[in-house]
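Written below as structure tokens is the structure these notes are about.
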Amino acid sequence: MTTTIRQDDFVQSVADALQHISYYHPLDYIHALGSVVVFVKVGMDVRWDATLSLQQMVDEGVRRAYLLPDNILRASIVADPAFTRKNTRDNTPAVVHVELV
């Protein structure tokens with residue numbers, strides 16, 4: 001049986017997971033949290049109803065979470081880390097590890 005994962009559901013799940021972290025982890029941990037690392041296990045019978053790539057969907061979820069005004073997670077990712085080191089302000093891109101199961 002094939003399972004379909006809708007793009008918006010996946011993106012919102014990433015955002016919700018980060019929001020959960022911001023509410024239920026100790027404040028010192030939240031202040032030290034930097035890069036978002038996402039581990040995705042994808043079943044062989046999954047069908048994606050999406051126009052974005054997996055990386056783009058994860059980044060959109062991260063962006064949604066980090067741009068919420070009441071989210072206390074610290075955005076620390078910089079674009080062009082070797083030169084200008086400008087903060088992306090939304091903590092993207094995330095590091096994504098994918099395992100097919």
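The residues of the chain are indexed from 1 along the displayed sequence.
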Problem set entry | Val38 with Leu100, same ILVMFWY side-chain cluster at under 4.5 Å | yes
Exercise. Looking at Ala94 and Val58, what are the two nearest heavy atoms and their distance?
Worked result: CB-CG1, 3.8 Å
Expected list for residues 14-21: side-chain donor-acceptor pairs under 3.5 angstrom, two or more places apart:
{"from": "Asp16", "atom 1": "OD1", "to": "Gln12", "atom 2": "NE2", "distance (Å)": "2.8"}
{"from": "Gln19", "atom 1": "OE1", "to": "Asn71", "atom 2": "ND2", "distance (Å)": "2.9"}
{"from": "Gln19", "atom 1": "NE2", "to": "Tyr23", "atom 2": "OH", "distance (Å)": "3.0"}

For this session: Kindly compute the distance separating CD (Gln55) from OG1 (Thr92), expressed to the nearest 0.5 Å.
Result: 9.0 Å
For this session: Looking only at non-hydrogen atoms, find the nearest pair between Arg89 and Leu67 and report the distance.
Result: O-CD2, 3.7 Å
Problem set entry | Whether Asn91 side chain and Gly34 backbone form a donor-acceptor pair below 3.5 Å | yes
Exercise. Do Val11 and Val46 share a hydrophobic cluster, counting only Ile, Leu, Val, Met, Phe, Trp and Tyr and linking them when any side-chain heavy atoms are less than 4.5 Å apart?
Worked result: yes
Problem set entry | Inter-residue atom distance Met1.CE - Asp45.CG, 0.5 Å rounding | 10.0 Å
Problem set entry | Residue list, salt bridge (Lys or Arg N to Asp or Glu O under 4.0 Å) with Asp49, at least two apart or on another chain | none
Exercise. Does the side-chain contact (heavy atoms from CB on, under 4.5 Å) test come out yes or no for Phe10 and Leu54, once each step is laid out?
Worked result: CA-CA 9 Å; Phe10 183 84; Leu54 188 58; 3.6 Å; yes
For this session: Would you give the length of the straight line joining atom OG1 of Thr3 to atom CZ of Arg47, rounded to the nearest 0.5 angstrom?
Result: 11.0 Å
For this session: Give the cluster check for Val98 versus Leu52: same hydrophobic cluster or not, with ILVMFWY residues linked at side-chain heavy-atom distances below 4.5 Å.
Result: yes
Problem set entry | Members besides Val95 in its Ile/Leu/Val/Met/Phe/Trp/Tyr cluster (side-chain heavy atoms under 4.5 Å) | Val37, Phe39
Exercise. Does Val78 belong to the same Ile/Leu/Val/Met/Phe/Trp/Tyr cluster as Tyr66, with side-chain heavy atoms less than 4.5 Å apart forming each link?
Worked result: no
For this session: Specify the closest pair of heavy atoms between Pro93 and Asp59, including all atoms of both residues, with the distance to one decimal.
Result: CA-OD1, 3.4 Å
For this session: Determine the minimum heavy-atom distance between Ser76 and Ser35, stating which atoms define it.
Result: OG-N, 4.2 Å
Exercise. Can Ile77 be reached from Met57 by stepping across I, L, V, M, F, W or Y side chains whose heavy atoms are under 4.5 Å apart?
Worked result: no
